[in-house]
S.K.: 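My structure is below; once you've seen it, I'll send some questions.
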Amino acid sequence: MDCGEGAQGSFVRFGLGLNREMLVLITHLHGDHVNGLLGLLQTMSMSQRVRALTIVAPPELFGWLKTTMEVFHIGLTFDVALVPVRSGVVYRGKDFRVRAARANHSVDAWSFVFEELPRPGVFDTAKARSLGVPEGKKWSSLQRGRSVVVGGVRVHPSQVLGPERPGRSIGYSGDTRPTKRLERFFSGVELLIFDSTFAAKDADRAVERKHSTSTEAALLAREAGVRGLVLTHFSARYRRTDGLLRESRRIFPDTVAARDGLVVDVPALQ
Ligand SMILES: [Zn+2]
Ligand SMILES: [Zn+2]
């Protein structure tokens, strides 16, 4: 989600792997959100990436990308699919999807929600045995939602699977003012990563530059009923983020401040 300067360095430093299934989501075309893209693509190519890569972004990015690659004679070892961002589902993976909604910033800007698809319910092994289903192939068929026949009797997945388990979701605001639309869009996500450029005392600047304060991020997180909040995109005017964090925690206690290499667990839902 966004690709600022230094993205490739961080990828390597934190061992994220350059040939994994991957999707690049760009919220808007300000340098601090795209300057690292070319470097990341080149680094992937130098490490012989073969898997195709999808980039979801405002469409103006694509002309720039093509021209720059031509000018610098950059060839890639993998295919790149360019998807213009729009409201709604912008990408479907095997077990996840990504939705986008319009943000409110000084240029055309978007927010994203990364959603795991619901997972099948817990498999009741005792129930399967009591129905005479032998362990092995037939168990895995049932686990994948397919019915099986045992001794002439059909056993349906609903007989041995618990209720479907909801997937987890992560929201990312990009640069934006807080809006009602985003409050709805992020409703109930497990983790929300939100613009926290300014402290409440600089609220007029936040309005002027079309960013949010940490207090506004916290209020939106509370209204949207999210589980955890990560503040990010801090203005260089603050030497430390403690003040921003304190401000947010008064309203939304489950807040952390982003930093390079921060790892946040998003526990599976039961
Ligand atoms: Zn911006
Ligand atoms: Zn920015």
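Ligands are counted one by one from 1 in listed order, and the atoms in each one are counted from 1 as well.
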S.K.: If the threshold is 4.0 Å, N to carboxylate O, is there a salt bridge linking Arg102 and Asp108?
M.R.: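 Here Arg102 pairs with Asp108 in a salt bridge, since their nearest N and O are under 4.0 Å apart.
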S.K.: Between the main-chain N or O of Val149 and the side-chain N or O of Lys138, is there a donor-acceptor pair closer than 3.5 Å?
M.R.: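 Checking the backbone N and O of Val149 against the side chain of Lys138, a donor-acceptor pair under 3.5 Å is found.
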S.K.: Strictly below 4.0 Å, N to O, side chains only: are Glu223 and Lys180 in salt-bridge contact?
M.R.: no
S.K.: May I ask you to list the protein N, O or S atoms found at less than 2.8 Å from the Zn ion (ligand 1)?
M.R.: His28 NE2, His30 ND1, His105 NE2, Asp175 OD2
S.K.: For the residue pair Thr215 / Glu247, report whether a side-chain donor-acceptor contact shorter than 3.5 Å exists.
M.R.: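 Looking only at side-chain atoms, Thr215 and Glu247 do form a donor-acceptor pair, the distance falling under 3.5 Å.
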S.K.: Would you please say whether a donor-acceptor pair under 3.5 Å links the side chains of His28 and Asp175?
M.R.: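 Yes, because at least one side-chain N or O of His28 sits under 3.5 Å from a partner of the opposite role on Asp175.
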S.K.: Would you check if the side chain of Arg165 reaches a backbone N or O of Pro118 as a donor-acceptor pair within less than 3.5 Å?
M.R.: no
